[in-house]
Structure formats: C-alpha cells, structure tokens
Amino acid sequence: MNKIWLIFQREFLNRVQKKSFLIATILIPLVFPLIIGVMIYVAVEQEKSAGVQTVEVLDKSGKIQLQSNDRYNYVIKSGELDDAKNAFSKSKSFALLYIPPFDLAKPEGITLYTKENPSIRKIEELEGVLETKIHDLKLEQFNIDKEILKGLKTNISLNNVNLSESGEEKESNIGILYGLGFFLGILIYMFVLIYGMQIMLGVIEEKTSKIVEVIVSSVKPFQLMMGKILGIAAVGLLQFTIWVILITVLSTGTLALFGLKMPQQQAMEQVSKQMQQNEEVAQEMQNSKVAKLLNSADQIPFASIIFNFAFYFLGGYLLYGALFAAVGSAVDSQQEAQQFTFPLTLPLIIGYFGLFMFILNDPNSPASFWFSIIPFTSPVAMVGRLAFGVPLWQLILSQVLLIGGFIFTTWIAARIYRVGILMHGSKVNYKVLVKWFMQKG
Amino acid sequence: MEALLAKDVTKRYTNHTALDKVNLTIPDNKIFGLLGPNGAGKTTFIRIINQIIAADSGQISIFGESLQPKHIGSIGYLPEERGLYKKLKVGEQLIYLARLKGLSYKDASDRSKVWMRKFEITDWWNKKVEDLSKGMAQKVQFISTVMHEPRLIILDEPFSGFDPVNAQLITQEILELKEKGSTIIFSTHRMETVEDLCDHIAMIDRSKTILEGSKKQVKDAYRNNTYVVDHRGTFSLPGQQYELTSQKSIEEDHYRSVIRITGDATANQLIRDLITVTEIHNFNEKIPTMSEIFITLVKGGNHE
C-alpha cells in the first residue's frame with residue numbers, strides 16, 4: 001500500500017509540475033468562452049458592417065410592392081428580363097429579383113439572379129418577404145380583414161412544472177436541462193478518453209524506456225499499475241476542481257457585468273430578501289427573461305450533479321483506465337496501440353450516441369434506462385441524465401454496477417499487464433492477450 | 001549459510017519450459033557467475049529471484065529464509081535492458097528508486113548524495129536523464145542498484161555500454177561491495193569477466209543446470225592431463241601413454257608442443273621422459289579457459 005502511495009505521488013507530481021499542465025488548466029476555461037465570444041462578436045460585427053444591399057426588382061406581375069429597409073434597398077426595374085440581366089451584371093447591385101406574372105394560388109417561376117452564391121439566410125429572408133406579400137394578397141383576395149386574423153392568433157407558452165415524488169413542485173426548463181446534459185456527457189467522454197490515453201502513454205513510456213523491469217523488481221506490477229492510474233486520476237480531479245472554481249468565478253463575474261446573479265447566489269439572496277420582506281426587488285428581477293431562465297436553473301440540484309459527476313468521472317475513468325493500462329503494457333509503441341484503442345473506446349462512443357438519440361430526447365425511456373445502468377456506457381449516459389432527475393434506486397444500481405465494473409476490468413487488466421510489461425518485440429493480437437490473461441504466476 | 005538456495009525450480013510457459021527442476025547453490029559473500037547461452041532460462045531464473053514472476057514449483061531460500069516479498073529490499077537488480085525515467089532529474093530519480101526499495105526519504109537522499117560524490121557526478125543532480133550520455137546513465141543506474149545496500153546483488157551483463165575506464169571503476173565497486181559482505185550474481189556472456197571476477201559459477205543450458213561449483217572445481221573437472229611444452233628441436237614421443245596433439249615452431253628451432261597423457265603417467269613422469277629426448281624451456285599444464293568449457297558444454301549438448 002505504501003508503495004502504491006509512492007508511485008501515486010510520483011505520477012501526480014510529475015504531471016502537475018509540468019508547465020503544460022498549468023497552461024492547460026488555466027487557459028482552457030478562459031480560451032473556450034473567449035473563442036465563442038470572439039466568434040459571436042465577429043458575426044455581429046459582420047452583420048452590422050454588411051450595410052444595405054441593393055436588390056433590383058423586375059416585377060412583370062405588377063402585384064408586388066417591396067419596401068426598402070435597413071438591409072435591402074429595392075430598386076424597381078422595367079423592360080425585358082434579358083436587358084435587366086445585362087444591366088444587373090454591369091451594376092454593383094447584390095441581386096436581381098425577377099417576378100413573372102403568376103397565379104396567386106400557385107406562385108411559380110420567381111427567380112433570384114446573383115453574381116455569387118448567396119447565403120441561405122439571405123435567400124430565406126427574401127423568401128420570407130415574398131411569402132408575406134403573397135399571404136397579404138391572398139387575404140385581400142378572400143376579403144379577410146387583417147385585424148380579424150390578428151384577433152384569432154393566440155400565443156401560448158407552456159409553463160412546465162415537474163411534480164416530483166415528494167410532491168414538491170419543480171419548475172423545469174427543458175432547454176437548460178438538455179444543454180446541461182449534453183455538456184456534462186461530452187465532458188465525461190472527453191475526460192475519460194484524455195486521461196485514459198495518458199495512462200496508456202505512461203505505461204508505453206515505462207515499457208520502451210525499459211525502466212519497468214527495475215520498478216517491478218521493487219514493487220508488484222499491480223501496485224505500479226494502480227499507483228499510475230490513481231495518480232493520473234488525482235491530476236484529473238485537481239484539474240476538474242480548478243476548472244469548476246475558475247468557471248464559477250468567471251461566469252459570476254461576467255453575469256455581474258450584466259447585472260445578473262448566478263442561480264446559487266440568487267437563491268441565497270432570495271432567502272435573505274424574503275426575510276426582509278423586500279419582495280419588490282425580487283419581483284422585478286423575476287420578471288426579466290434571463291432572470292427567469294436562471295431561476296429555473298436554480299431548480300437544478302447543482303451540488304448533487306457535481307458530486308455525481310465526480311463519481312461517474314472517477315468510475316468511468318477507472319473502468320476504462322485499467323483497460324488502457326493493459327493496452328499500453330501489451331504494445332511497444334503508440335502506433336501499435338491503435339488496433340486496441342478503437343475497440344476499447346467503442347462502448348464509450350456508443351454511450352455518447354445513446355446520450356443524443358435516447359437520453360436527451362426522453363430521459364426516462366427504457367433505452368435511456370439501460371444506457372445509464374450498464375457500466376461501460378453509464379458514465380456518459382447517466383451524467384447526461386442527471387440534470388433531468390433520476391430515480392434514486394436507478395442511480396444507486398448504476399453506481400454499484402459501475403464500481404463492480406471497474407473492479408472487474410482492473411482484475412482483467414492487471415493479469416494482462418503483469419505479463420505484457422515484460423514482453424518486448426512480440427507480435428500482439430487478441431489471442432496473445434487471452435494467453436497472457438490465462439497465464440499463472 | 002548460502003546466500004541463495006534453489007531447489008527443483010520449474011517454470012513452464014504455454015509453449016516451452018523455461019526452467020526444468022533447476023537446482024543452484026550460491027554461497028554467501030562470493031561473486032557467482034551465472035552462465036548459459038541465450039534463451040537458456042537465466043533471465044527467467046533472475047526474475048523469479050526478484051519476484052517479478054513466480055515459479056510453478058520448487059523452493060527458493062535466501063539467506064536461510066524462504067523467499068518472500070520482504071526480501072525485495074535486500075536484493076539489488078541491474079537488468080540487462082537498462083532504463084530510467086527520461087524526464088526525471090537524476091537526484092529525484094535515485095531517491096524515488098531507493099524509496100521503492102523501502103528506504104526513507106532522508107536515507108535515500110543522503111545515500112544518493114554520497115554515491116554521486118563517490119562517482120564524482122554531483123553536478124548531475126538536477127540534470128534530466130535524457131540529457132545524459134549512455135555511459136553517464138549507466139553510472140546512475142548502477143548507483144540505483146546498490147544504493148539500498150542489498151545483501152544480494154544481481155547484475156545482468158553489467159559491463160555492456162561502459163568504456164574501459166568506467167568498467168574498471170564498476171569492477172572496483174563490485175569488489176568493494178563483496179568486501180563489505182554482499183553476494184554478487186553475474187549473468188554474463190563475457191568469459192574474461194568470469195575468469196577475472198567469479199569465485200563460483202553455474203551454467204544453465206536448455207532449462208537445466210548443467211554445471212555448478214567453484215571456478216577451481218569446474219576447471220579441475222575439465223582438465224584432461226594436457227601439457228604445453230616449449231622445447232628445442234623436434235622429437236618423437238617417448239612411450240605409448242602420451243599423445244601429441246599439436247606441435248608448431250615458435251622461432252628457429254624452438255617448438256611448442258601440446259601433449260596429452262592418455263595413460264596413468266603423472267606430469268613428473270612426462271617431464272622425466274621428455275628430458276631424455278629434448279631440452280625443455282617451459283612446461284605448463286593446459287588449464288581450460290571458461291570460454292572453452294562453455295563452448296564444449298553447449299556444443300556437446302547440441303550433439304545429444
């Protein structure tokens with residue numbers, strides 16, 4: 001046990017002391033929001049700077065009058081189509097819209113001539129404009145008053161309230177839950193893959209640098225393997241913790257910039273405000289749309305999600321990590337490892353697809369249940385389900401099975417590992433792995 | 001008391017038997033040469049002593065006790081395939097490896113400093129192993145093998161990769177360690193090492209011990225009453241009990257003859273007989289070299 005601890009320390013310190021760890025840990029929570037922010041900014045700026053574009057309109061039907069706005073300046077043309085086309089190709093206009101005489105019931109033949117391929121958005125915009133125009137024309141044709149039509153229109157926004165078993169009302173916002181499930185699922189998937197690979201590379205490095213024979217003359221192969229797996233797990237947890245803290249601090253800061261509060265903070269303030277009978281301000285805050293969104297996020301049990309996320313991260317990591325260690329022990333190079341890593345990550349990928357196809361669409365379907373119970377897919381699948389609320393017995397069953405799962409894979413991996421690390425230059429296939437697994441002593 | 005006693009040690013793999021009832025006695029405080037052709041089972045045997053793998057059957061006792069995990073700290077092992085953590089600094093590396101052998105942090109740190117001073121490499125403390133030359137890394141590796149003062153030191157081809165100066169340095173260290181009471185097992189193909197350093201030897205060939213004993217015993221067993229005589233002029237052998245193996249000229253009328261006594265005559269008898277036919281300048285018994293014994297045994301085995 002003492003020796004596992006020594007190896008654990010070594011593996012942990014080796015990685016944490018590297019500059020690349022520090023950089024990745026601090027930069028990733030900064031870089032991703034930054035990239036997204038910059039992209040949104042650029043998109044907005046582009047829109048702004050695009051300015052007014054001229055669309056020449058040749059209306060042969062005489063039915064359509066288009067009003068210029070701040071995006072499109074419509075210039076009415078007359079004459080024949082060929083002349084208009086010639087004039088257009090020499091002009092600086094963005095497009096030429098040709099409207100032939102058409103049947104109101106079946107408008108056909110309307111064509112947009114452009115000099116380059118226009119974006120789908122622009123086409124949709126123009127289509128929308130034309131559709132509204134034709135819609136209005138039809139109303140006129142049927143003698144329907146626009147005001148009556150307006151009166152017919154009803155706007156319903158479903159208030160979704162989730163009655164939990166305890167009878168407590170939870171206002172849920174499917175959008176947020178979907179987003180959260182999606183995000184956490186991807187996070188687990190990436191964590192398990194990235195850190196699993198690190199184990200594998202570490203084992204390959206020890207094997208190719210031949211240090212391993214010296215080490216296993218001092219410690220048992222199992223101790224070496226576990227020390228490494230746990231050491232890297234600690235690195236992952238540390239990195240995860242730093243990220244959670246950084247992201248919380250950053251997002252609180254950003255939201256504060258816009259005068260909003262994080263859900264946790266909001267909840268705390270609400271309690272104190274209620275005590276002060278100062279409901280007015282709270283009321284005001286509730287009314288803004290973003291505040292409402294954050295308020296429903298408030299209903300999500302963040303503490304339990306973070307705890308369970310950590311559990312599934314560790315469980316999934318240990319389950320796959322042991323197998324990655326076994327692969328690393330069997331091969332002499334990273335290239336050679338590829339034939340084994342793909343089948344190894346396949347269940348993880350299946351769990352990932354399951355998340356999209358079943359869990360996010362219907363968290364309580366039978367498929368979702370099985371995906372979140374089977375240990376090989378449960379880390380990704382269950383984490384995606386967490387935000388939607390999972391019955392306690394399912395959660396416990398899934399976690400117990402996951403613990404059993406990683407004990408099982410660790411046992412298999414250890415048997416392959418102890419033989420593999422001492423083998424050099426042998427051609428390894430699945431048959432050989434089975435042989436090593438069966439080997440005694 | 002023996003440093004190591006192996007009794008009927010057997011290890012089988014799916015396709016072959018690596019060790020077949022191997023018996024070995026390694027006396028305490030001696031330098032022991034473990035010989036044998038490639039693939040004979042030496043590495044398997046060494047790995048079993050190091051408890052890297054377990055034997056299928058048989059007993060091994062070390063300093064009178066049966067081999068257990070607690071003995072890991074009393075064994076130092078330098079494998080043939082050397083290796084260190086490339087990215088780790090020399091000092092940290094030595095401390096880590098020593099702590100894995102059970103030393104406390106302080107002991108590990110103190111002793112690695114002592115050894116580095118001894119090898120005059122103190123300024124490497126903060127260098128990464130990947131920045132060292134092969135010979136430098138070998139020194140570090142040797143230190144890591146002996147730093148925890150093991151009573152049993154196992155060296156697999158210890159001199160490969162050393163230049164003559166460093167090989168000499170390591171030889172001195174090995175002799176010093178023996179002086180201090182350690183038992184050293186050499187696994188090597190270099191017969192001059194065996195001639196120079198080993199007190200005892202054993203040879204393993206095709207999973208079995210085929211030879212064991214002190215160097216003198218082994219050589220005695222393989223001498224075959226052959227003598228090398230330098231003399232002047234040629235002669236015809238006096239008597240039926242001698243056989244002339246070879247005779248060649250050294251210079252002018254000086255010759256060197258190799259003569260084997262086939263009957264029960266003694267060396268003195270041979271000298272007496274030779275005096276009558278030639279003028280003897282030099283008379284030596286031809287003692288087989290380890291290399292000759294090795295080749296004879298391994299080749300002889302193949303003819304079976």
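Keep in mind that this is a model prediction, so the values were computed, not measured. Proteins get letters first, then strands, A, B, ... in listed order; numbering begins at 1 in each.
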> Quick one: of A:I215, A:V419, A:V219, who has the most non-hydrogen atom pairs under 4.5 Å with chain B?
Replying inline: A:I215

>> Can a donor-acceptor pair be found, under 3.5 Å and without considering hydrogens, that links the side chain of A:K220 to the backbone of B:Q51?
In response: no

>> Restricting to non-hydrogen atoms, name the atom on B:I52 and the atom on A:E213 that form the minimum distance, rounded to 0.1 Å.
In response: CD1-O, 3.8 Å

> Side chain, backbone, both or neither: which part of B:R82 has a heavy atom under 4.5 Å from chain A?
Replying inline: backbone

> Measuring from B:Q141:CD to A:I211:CD1, what's the distance to the nearest 0.5 Å?
Replying inline: 6.5 Å

> Is chain A contacted by the side chain of B:L88, its backbone, both, or neither, given a heavy-atom distance below 4.5 Å?
Replying inline: side chain

>> For the CZ atom on A:F408, are there more than 12 heavy atoms of other groups (residues, nucleotides or ligands in this structure) within a distance under 6.0 Å?
In response: no

> A:I7 and B:L100: side chain to side chain contact (heavy atoms under 4.5 Å, CB included), yes or no, with the steps?
Replying inline: CA-CA 8 Å; A:I7 295 165; B:L100 286 182; 4.0 Å; yes

>> Quick check: under 4.5 Å, non-hydrogen atoms only, which of residues 10-21 of chain A neighbour chain B?
In response: A:R10, A:N14

> Can you tell me if OH on A:Y430 sees more than 12 non-hydrogen neighbours from other groups inside 6.0 Å?
Replying inline: yes

> Taking all atoms of both residues into account, what is the closest heavy-atom pair of B:L84 and A:S209, and its distance?
Replying inline: O-OG, 3.7 Å

> Side chain, backbone, both or neither: which part of B:Y96 has a non-hydrogen atom closer than 4.5 Å to chain A?
Replying inline: side chain

> Are B:K86 and A:E205 ion-paired here, with the side-chain N under 4.0 Å from a carboxylate O?
Replying inline: no

>> Could you check whether any side-chain heavy atom of B:I72 comes within less than 4.5 Å of a side-chain heavy atom of A:K3, counting everything from C-beta outward?
In response: yes

> If you round to the nearest 0.5 Å, how far is CD1 of B:I95 from CG of A:L6?
Replying inline: 12.0 Å

> Going from CG on B:L78 to OG on A:S217, what distance comes out if it is rounded to the nearest 0.5 angstrom?
Replying inline: 10.0 Å

> Hey, is NZ on B:K178 packed in by over 12 heavy atoms from elsewhere, all under 6.0 Å?
Replying inline: yes

> Can you tell me if CD on A:Q334 sees more than 12 non-hydrogen neighbours from other groups inside 6.0 Å?
Replying inline: no

> Which of the residues B:K87, B:R99, B:H148 is involved in the greatest number of heavy-atom pairs with chain A at under 4.5 angstrom?
Replying inline: B:R99

>> So for B:R47, is it side chain, backbone, both, or neither that comes closer than 4.5 Å to the heavy atoms of chain A?
In response: side chain

